[in-house]
Amino acid sequence: MKQLIPLLIAATCGIVLIITAFIPATVTWGEVAAVWFDILAAIAFVLGGANLLKIHLQRISEQEEGWAYSGITVVTFLLTLIVGLLKWNVPPNLDQEFLGETFVRVPVEQIPESMHYSVPVDLPAELVHHHLPLSSHRQFSVEINESGERITSIGFIGWMTANQKRELTQHHQRLDWQCAIDQLAETASPPPELNGVVRYVPNHRSLSVDGPLALEGETLLRSQSETADWQKSIDQLAEKSRRITQIPAADLPEGFEIPESILDRVSLGTETIDISGPISQSLKEELIDVFPRSRPMTSEQIDEFIQQLAKLPGGLTEPQTAFVRNSLEGAWTADQLIVVLNEADTPQPGKKSYCDLLAEQLAGGTVLLETIPPSGNATPLNEEQIAALKSVLFDPARSLHEISAALSTAGHFSQAQQSALDEFLGKQPTIGTRNRQLVVGLLSGDQQLSPEQLDFLLASYREEHNWRERVHAAMLAAHVTKYPWSGEYVAVGSPFWWSYEYAFTPLTATMFSLLAFFVASAAFRAFRAKNLDAFLLLGTAFIILLGRTSAAVILTAGLPDSLAFLRIENITMFIMSVINTAGNRAIMIGISLGIVSTSLKVLLGVDRSYLGSGDD
Amino acid sequence: MPASIELKAADHPWDNGDSIDVTLSGFDPEWLKKLMEGEISGVISLGISEEQNGLFPVIASVPPNDGTWSVSEDSKSLEMNLSGLKRDEKYFLRAFWTVPDAEPQLMASITESISPERQWFIGDKFELLFVGLVICGSVVLFIEIARRGKPLKVRKIAGLEAVDEAVGRATEMGRTILFIPGIQDMNDIQTIAGLNILSQVAQTAAEYEADVEVPTDRSLVMTAARETLQNAYLSAGKPDAYNPDLAYYVTDEQFGFVAYVSGHMVREKPAACFYLGAFYAESLILAETGNSIGAIQVAGTAEPSQLPFFVAACDYTLIGEELFAASAYLSGSPEEMGSLKGQDAGKILVGAGVLAGCLAETMAWSFMASLGVLTAVIGIPAVTYHLLKAKRPEAVT
Amino acid sequence: MSDSSPAPTIVDRLAGLDRRWIFLLMLLAVAIPILLELKFPETPSQQAINVFNEIDSLPPGSKVLLSLDFDPSTEGELRPMASSFALHCAKKDLKIYFMTLFPGGPPMVQQTIEQVINADFPDMVYGKDYVDLGFKPGYEGVIKVIITNLRELYTTDARGTNINQIPMCQDIESVQDMDLIIDVSAGYPGCKEWVQYARTPYPDRVKLVAGVTGVQAPYLYPYVPGQIIGLLGAIKGAAEYEKLVVDKYIEGEPRAVYQEGVRRMGPQLIAHLLMVFLIVAGNVLMFLQSRQ
């Protein structure tokens with residue numbers, strides 16, 4: 001019995017795994033077997049640790065020779081275990097999975113009744129026979145009539161996310177279903193005041209708010225339900241989302257002004273900049289984006305810049321001057337921007353909703369198309385606008401942000417053009433970055449710049465870099481910790497990391513490098529040309545040894561091209577890819593067959609010696 | 001737009017029920033060639049829906065061909081396999097023709113819905129099943145033949161002949177025997193092969209009353225090794241001599257394990273070392289350390305990259321499949337011998353396949369034809385030779 | 001050995017040389033070129049050229065999965081490859097997705113990001129131009145899953161950001177969407193598993209190049225060029241590829257990080273010459289002994 005049971009388990013699992021490879025209906029069986037193996041493997045760690053302790057403690061207690069080593073082993077084992085498990089000195093992770101958002105846990109069951117939505121429909125019941133998308137399985141429900149043939153209504157608990165909506169609509173490629181989901185999604189959405197601000201994140205079973213929760217929003221949310229749980233969740237959400245993060249106001253970038261678009265979130269005090277709510281990636285970008293961007297320069301402006309640079313100690317060489325001129329002339333031009341803005345005004349094709357398409361279908365349409373061809377024409381920028389644009393561009397005193405105002409006063413300027421303008425400007429380097437790129441080019445080769453010139457060119461980049469780091473640190477600080485033990489046990493600076501970095505890494509690397517020494521001594525001792533086979537092996541070894549270094553190239557570089565195949569590196573290549581590959585393949589095939597036959601012996605119980613002897 | 005194009009869809013045979021085969025036929029070969037080479041601007045796209053007059057979102061298009069489309073030999077039709085569909089769901093398909101800056105035009109559609117169906121077997125794996133059945137079948141067949149008492153001959157494996165010698169020497173010197181069944185877990189078949197050999201080695205050692213020490217780097221291997229040792233001592237009739245602490249766990253970390261074992265070897269100086277299982281970079285470190293303390297060393301692994309190191313530094317090396325054959329060889333049980341013969345049948349099959357493949361490529365024949373020629377050229381003389389040889393009396397070995 | 005035997009000749013003594021002398025020689029052969037910073041010219045082999053061309057032919061913006069499947073024990077051999085791959089991809093404006101199958105791998109990824117991307121490409125933005133997907137346990141099981149569905153295992157990146165919030169991950173459904181997989185592999189799980197579970201089931205959708213340790217290389221040659229387009233073997237391969245990248249993309253003297261491969265070829269050359277010498281010496285001694 002002692003052998004029969006493990007044998008049966010091995011045979012069953014093995015045969016199941018083989019069958020799953022061929023029969024699709026059984027694929028899940030294989031996954032179940034794999035999960036069981038994982039569980040077993042996890043238990044094995046505990047077993048290993050216990051055995052390690054037992055053996056070494058025994059040695060210590062019996063004071064065997066070298067028991068002190070056992071002592072060290074036990075101590076380091078326990079230390080590593082404790083430090084790793086307790087995450088000692090590991091800072092908890094910040095809750096930055098969703099930057100700029102605040103979460104409070106609200107399980108689906110706690111979502112108030114008023115947020116249970118449903119729409120009446122009339123759909124065939126077979127539509128829900130397949131598994132519904134996992135992302136909505138807790139929240140989506142259907143009502144089926146008594147005969148079990150039609151779905152009479154579909155419902156949703158909480159607000160539907162864009163992702164849930166997409167997965168549900170894609171679940172069936174038929175318009176009545178898709179239109180019904182569209183209608184449900186419209187119903188199951190937050191009140192307009194909260195749309196885009198508050199959402200329900202099903203994976204995390206949490207309610208989330210983007211930025212600080214406004215007072216009106218809070219009232220609206222509270223009104224959803226009177227239950228204590230719900231009110232408590234909103235309390236938490238309001239409190240957590242309105243935390244203020246501060247950046248010291250000292251050493252602000254020159255001419256720092258809070259961009260208008262974020263004035264509601266950010267305020268400049270006497271000593272600090274106060275930012276309410278967690279800082280999202282886009283808020284961070286806006287806070288950083290306070291430095292002037294590079295702009296097209298007239299040739300006079302370029303000359304002036306070069307002169308400034310050349311006047312500083314160190315001067316500029318001829319090629320350096322040419323490089324600066326080329327770089328500055330090669331920056332973006334007003335014409336490029338005009339092309340971009342004109343293109344942006346091209347009307348875009350529209351898209352019909354599923355319900356529109358359904359109506360079309362019901363009206364007898366047979367070929368339905370989703371896109372609506374674009375209507376209207378593009379209006380290119382007029383002369384006046386172009387002049388206004390250029391006047392802003394070439395006047396360093398005026399900010400590039402003035403462009404949109406100048407363009408809209410002078411003529412037609414659409415929303416699409418505004419975003420194209422923002423995108424275009426966003427891609428241009430700031431003056432600091434541009435100057436830094438100049439430095440890289442000016443220092444290439446043997447060229448030099450004096451410390452004064454470097455200061456002149458790099459000053460603004462340094463300022464920019466520092467500011468970026470400060471805002472980034474503030475963004476991290478604005479996010480509260482996830483939960484107390486959320487840190488990675490290998491976080492940089494923790495004792496576990498320290499032992500990994502300064503004990504584990506050098507020790508394993510040392511053991512691996514021992515190979516080099518052992519290879520040498522083995523070669524000296526064992527590599528003897530005792531017979532023809534050994535001699536051939538030796539010859540091949542020489543070629544490969546030399547072929548893997550530059551010695552090969554040096555030694556046989558003199559061979560004419562017609563004899564190129566005799567160059568050591570080419571012979572090496574030939575040996576490796578032809579002879580070695582052929583041999584390796586043969587060995588691999590032999591091994592694979594050996595594996596098949598051994599596995600079969602195990603599965604059939606022919607060879608049980610790994611379980612003890614063959615006799616029961 | 002090309003006119004009178006026909007769209008056909010059929011369930012993809014022998015699959016998991018998630019794909020259908022789509023064919024667009026009736027193209028002008030010249031036109032299709034130009035389209036595929038990019039000389040005609042326009043795209044053929046395939047839309048899918050669950051209703052006949054629904055919206056047909058595009059699911060595949062050509063050109064450019066991402067490798068999923070194939071043009072038939074007569075250049076008149078396009079074929080592709082549409083996968084990722086839901087089993088038993090009803091689908092309708094439409095093909096559209098779209099030129100730049102214009103609305104898509106309906107080119108062809110199917111009138112009857114199609115549903116992908118799951119078959120009980122995956123057809124792509126038929127060859128695998130065939131080869132698997134032949135190899136496994138021959139292993140089982142030879143095991144059965146061996147059970148019926150037909151003597152089977154196996155060539156000598158020097159490394160295994162040396163087991164007695166090594167164990168004897170350890171006994172004489174009063175030192176232990178070190179046995180390492182590789183550094184992989186029990187799910188590696190090499191570890192199992194190693195433990196199978198351990199069973200035989202331990203039995204011999206128990207008879208000689210020598211100790212076999214088995215440090216392992218996986219705790220599951222440790223428990224398995226203990227079982228093996230216990231039963232080996234039992235079979236040798238010395239259950240009292242079994243000491244479970246002789247098989248113990250060191251660490252999962254590869255180089256930590258090597259450091260321990262090398263240190264242990266230098267301190268304890270075992271008289272014989274067996275390395276049988278899966279080994280990686282540590283092979284030479286272990287073997288050279290063993291060599292420096294003058295131990296008899298027998299190694300065996302199915303990791304081709306480590307074989308040279310073992311060959312250079314050990315007294316005997318089991319190369320690849322010999323590791324798997326060793327257990328059969330040592331136990332000498334007819335069933336296990338039979339499995340070795342079965343393996344040889346597999347080798348003949350693979351060899352014939354390789355030769356036939358080379359012949360087919362070289363002579364531009366079909367694979368089956370090459371196989372036939374090969375069988376005739378090699379098979380007939382072999383059978384004749386065998387028959388002639390069978391007529392002569394032969395000493396039984 | 002009994003006292004009555006004749007005094008050992010010099011040949012016998014050399015043949016029985018304590019192996020620690022050989023260790024010492026090896027130490028010197030490696031240490032001296034390192035200390036003197038000896039460098040030798042490299043001539044790229046066809047393998048290295050294949051790897052280089054494959055990456056070089058990708059259009060800017062292509063997606064590249066850089067799987068750094070190694071840990072500190074093989075860092076010496078594989079770090080130069082990892083750095084050169086990262087440099088090449090960054091210079092080509094490719095989108096880089098870092099990941100690792102080794103539990104000890106995450107620090108390798110972080111160091112590569114720090115030494116190459118943060119140091120030389122400050123304009124590259126995390127999440128837009130490169131992302132660190134981090135380590136997932138499960139050996140080849142990880143490859144089997146992410147080859148059809150990345151999100152089933154990677155719901156967040158290594159920093160804990162939701163993968164749907166990372167711009168460059170939004171249109172990635174599975175590893176099949178990558179234009180190229182680059183694997184830097186120290187063993188199991190590594191290059192062979194990428195071949196078995198990624199390239200073999202999806203030969204039309206997956207392209208693979210790899211850099212591996214010297215021990216593994218002979219074992220992987222059977223897969224070149226069918227399954228693996230190009231294979232860099234050991235430091236030699238690293239140095240050749242490094243040279244190709246540096247020659248094309250770096251003007252003037254490259255930083256030390258991009259010379260690691262070439263720098264390590266100095267000790268390699270001297271050590272190989274020592275090996276040749278040792279083998280010859282061993283054989284001469286054997287010959288002399290047999291004459292006696």
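Scope of the values below: all heavy atoms of this structure, side chains included, with no hydrogens, waters or symmetry mates. Numbered from 1 within each chain, the chains take letters A, B, ... in sequence-line order.
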Identify every side-chain donor-acceptor pair in residues 509-516 of chain A under 3.5 Å, counting partners at least two apart or on other chains, and give the distances.
from, atom 1, to, atom 2, distance (Å)
Thr510(A), OG1, Pro506(A), O, 2.4
Ser513(A), OG, Ala509(A), O, 2.4
Ser513(A), OG, Thr510(A), O, 3.3

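- Contact annotation for Met573(A): only side-chain heavy atoms (C-beta onward) come within less than 4.5 Å of a heavy atom of chain C.
- Residues meeting the side-chain hydrogen bond (donor to acceptor under 3.5 Å, both in side chains) test with Asn570(A), sequence neighbours left out: none.
- With Arg528(A) contributing its side chain and Gly282(C) its backbone, the two residues share a donor-acceptor pair below 3.5 Å.
- Note: Ala529(A) leads Pro429(A), Ala551(A), Ala529(A) in heavy-atom pairs under 4.5 Å with chain C.
- Qualifying salt bridge (charged side-chain N to carboxylate O under 4.0 Å, His left out) partners for Arg79(C), counting only residues two or more places apart in sequence or in other chains: Glu75(C).
- Interface remark: Pro107(C) contributes side-chain atoms only to the contact with chain A (heavy atom separation under 4.5 Å).
- Heavy-atom distances place no part of Arg525(A) under 4.5 Å from chain C, backbone and side chain included.
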field: Working for salt bridge (charged side-chain N to carboxylate O under 4.0 Å, His left out), residues Arg264(C) and Glu260(C)
entry: CA-CA 6 Å; Arg264(C) 278 163 214 206; Glu260(C) 285 298 314; 2.5 Å; yes
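- Of the residues considered (Asn584(A), Thr572(A), Leu546(A)), Asn584(A) shows the highest number of contacts with chain C, using heavy-atom pairs under 4.5 Å.
- Checking Tyr126(C) against Asp132(C) by side-chain atom types alone, no donor-acceptor pair falls below 3.5 Å.
- Heavy atoms of Leu273(C) lying under 4.5 Å from chain A belong exclusively to its side chain.
- In this structure, Glu101(A) pairs ionically with Arg199(A), as a charged nitrogen and a carboxylate oxygen lie closer than 4.0 Å.
- Proximity to chain C is absent for every atom of Leu507(A), based on heavy atoms less than 4.5 angstrom apart.
- In this structure, Tyr221(C) contributes its side chain and Val578(A) its backbone to no donor-acceptor pair below 3.5 Å.
- Counting heavy atoms from C-beta on, the side chains of Glu464(A) and Thr433(A) come closer than 4.5 Å.
- Heavy-atom neighbours of chain A within the stretch residues 24-34 of chain C, taken at a separation under 4.5 angstrom, comprise Met26(C), Leu27(C).
- Among Ile279(C), Asp71(C), Ile22(C), Leu274(C), the residue making the largest number of heavy-atom pairs under 4.5 Å with chain A is Ile279(C).
- If you tally non-hydrogen atom pairs under 4.5 Å between each of Tyr219(C), Phe40(C), Phe287(C), Phe23(C) and chain A, the highest count goes to Phe23(C).
- Comment: Glu240(C) engages Lys236(C) in a salt bridge, judged by a side-chain N to carboxylate O separation of less than 4.0 angstrom.
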